Amino acid sequence: MPRKTLARIDTRALRHNYRLACRLASPARAMAVIKADGYGHGIREVARALASDAPKFAVACLEEALAIREAGVDHPVVLLQGMHSAEDVAMCVREGFEVVVHSHYQLDWLEQAGGTPTVWVKVNTGMNRLGFAPSALADVMARLGTIAAAEKVAGFVTHFACADDISSDDTDQQTRIFSEAVVDWPKLEKSASNSAAHFLPAQPSFDWTRPGIMLYGASPTLGKTGPELGLEAVMTLEAPLTAVRTLQPGESVGYGYSWTATQETRMGIVAIGYGDGYPRHAGTGTPAWVGGNRIRLIGRVSMDMLAVDLKGAPDACPGDSVELWGRHVSVDEVAQHAGTIGYELLTGITARVPRLYEDSGNTAAG
Ligand SMILES: *Cc1c(COP(=O)(O)O)cnc(C)c1O
């Protein structure tokens, strides 16, 4: 029997979150960003679960786009970093992948190839990772006009650096720079918003948004959890209690004896650790949940197990399932305790953790 450490993935919650993204994006449409193995949820299953709702997907690289095809989903897929080699061009044409072009060397590859896939041009509006400067766009578009048929040029994308901070005006400024940069091509499509931008009071509105993290129920916005934004957790990470003991005052638990009981403490050991992707930096006080009660971690997270204080859950006993994050404890709370963001935790779950796909809206079939 395998250990009962697993990630439950709720495809109904995934669709709920995608539909919320669509409502917030309207009248723009939302391409579902499912890179990094569907933010750790399984790209094939995520693609299938969203296929009837989402008109378009976006991923970082070609391998991810091919995984969507392997899942039997033939929607358009945008490669957000475009081609990584000249050989990628033919594959993109054949598979109907749309490429984001951010550098002239990618235009060279398109020029050398027989045909071109659908192309988006990346505009650097301030983040300074990828993209052409606004002042270079006229030349880029002129060059593209000699390489690709007009109907193969989809439009422009840019990316926001600070949309997670609602008090920042950097997103307004990037939006202004983008709008002005592309003003000469009114018929082409534009795309700017990541998840966070969907929740801004003055939301930038173009033709396509690109929600990622919000689809999985985690928060893109500083100071808010996913549920506070109307999102539902898609992943519930759970593991069994494998031992329960009572510590006397002065007794410690785990590596480094980093936590010591000051009073009699009933505690449990949970079969999950950083070898599963649970963050080692989640210290004493990080919340978890068992049998209807909130509990907290104590001591240091090990590779295969961690310790919890069962004071809040007097009936908990070995075999009970502990939720590390999910419906009752948001991944955003755990991330905050670990000094990181939900993105890193969700994408960091390791291959040792099996995924169980469920549709909570379809319990009759289960
Ligand atoms: C990852 C990514 C997104 C999605 O970002 P979230 O913050 O997860 O919504 C959108 N656009 C680009 C270019 C990306 O790389």
Side-chain angles (χ1 to χ4, degrees), residues 1-13 16 41 216-218 225-228 231-248 251-254 259 261-280 282-338 342 345-346 349 352-364 366:
M1 265 272 282
R3 50 175 200 154
K4 291 189 291 179
T5 300
L6 58 91
R8 293 182 190 276
I9 309 292
D10 182 356
T11 52
R12 185 204 54 80
H16 164 88
H41 295 66
Y216 311 94
T225 65
E228 285 168 352
L231 300 168
E232 292 185 24
V234 175
M235 180 192 294
T236 296
L237 181 65
E238 57 183 55
L241 265 180
T242 50
V244 171
R245 74 183 74 253
T246 299
L247 297 184
Q248 299 305 318
E251 290 186 310
S252 300
V253 62
W259 185 85
T262 55
Q263 57 192 48
E264 198 175 271
T265 302
R266 190 165 172 271
M267 57 146 288
I269 296 295
V270 186
I272 193 165
Y274 62 80
D276 301 291
Y278 189 88
R280 185 172 172 279
T284 295
T286 305
W289 189 92
V290 64
N293 300 295
R294 272 201 169 223
I295 51 174
R296 62 179 193 127
L297 265 64
I298 50 178
R300 219 172 260 173
V301 173
S302 316
M303 187 183 290
D304 314 312
M305 56 189 111
L306 54 78
V308 290
D309 181 347
L310 291 175
K311 188 159 53 207
D315 299 328
C317 57
D320 286 1
S321 187
V322 175
E323 175 186 308
L324 287 312
W325 64 65
R327 294 214 191 108
H328 305 95
V329 173
S330 84
V331 69
D332 307 301
E333 283 179 83
V334 177
Q336 200 179 359
H337 279 269
L345 299 192
L346 293 174
I349 293 299
R352 184 162 82 175
V353 180
R355 299 187 190 115
L356 185 65
Y357 292 89
E358 299 171 323
D359 180 343
S360 66
N362 189 19
T363 43

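Nothing fancy with the numbering, it's 1 onward along the sequence. Computed from a predicted model, the values in this text were never measured in an experiment.
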If you define the side chain from C-beta out and look only at heavy atoms, does anything of [X] sit under 4.5 Å from [Y]?
{"X": "Ile295", "Y": "Pro287", "answer": "no"}
{"X": "Ile349", "Y": "Met235", "answer": "yes"}
{"X": "Val308", "Y": "Leu310", "answer": "yes"}
{"X": "Glu251", "Y": "Arg245", "answer": "no"}
{"X": "Thr265", "Y": "Asp309", "answer": "yes"}
{"X": "Asp10", "Y": "Thr236", "answer": "no"}

Between [X] (side chain) and [Y] (backbone), is there a donor-acceptor pair under 3.5 Å?
{"X": "Thr225", "Y": "Asp332", "result": "no"}
{"X": "Arg266", "Y": "Ala316", "result": "yes"}
{"X": "Thr11", "Y": "Glu358", "result": "yes"}

Can you give me the closest heavy-atom contact between [X] and [Y], atom names plus distance?
{"X": "Val301", "Y": "Pro279", "value": "CG2-O, 3.8 Å"}
{"X": "Ala261", "Y": "Leu247", "value": "CB-CB, 4.1 Å"}
{"X": "Ser360", "Y": "Arg12", "value": "OG-NE, 2.5 Å"}
{"X": "Ala7", "Y": "Val353", "value": "N-CG1, 3.6 Å"}
{"X": "Val290", "Y": "Ala313", "value": "CG1-CB, 3.5 Å"}
{"X": "Ile272", "Y": "Ala239", "value": "CB-CB, 3.7 Å"}

To the nearest 0.5 Å, tell me how far [X] [atom1] sits from [Y] [atom2].
{"X": "Met267", "Y": "Leu297", "atom1": "CE", "atom2": "CG", "answer": "10.5 Å"}
{"X": "Arg327", "Y": "Glu232", "atom1": "CZ", "atom2": "CD", "answer": "8.0 Å"}
{"X": "Glu238", "Y": "Trp325", "atom1": "CD", "atom2": "CH2", "answer": "12.5 Å"}
{"X": "Ser321", "Y": "Trp289", "atom1": "OG", "atom2": "CH2", "answer": "9.0 Å"}
{"X": "Leu241", "Y": "Ile269", "atom1": "CG", "atom2": "CD1", "answer": "9.0 Å"}
{"X": "Tyr216", "Y": "Leu346", "atom1": "OH", "atom2": "CG", "answer": "9.5 Å"}

SB check Arg3 Asp304 (cutoff 4.0 Å):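 A salt bridge is absent here (no side-chain N lies under 4.0 Å from a carboxylate O).
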Could you check whether atom CZ of Arg280 has more than 12 heavy atoms from other residues, nucleotides or ligands sitting under 6.0 Å from it?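 Counting other residues, nucleotides and ligands, CZ of Arg280 stays at 12 neighbours or fewer.
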Would Glu333 and Arg294 satisfy salt bridge (charged side-chain N to carboxylate O under 4.0 Å, His left out), going step by step from the backbone distance to the final call? CA-CA 13 Å; Glu333 283 179 83; Arg294 272 201 169 223; 2.9 Å; yes
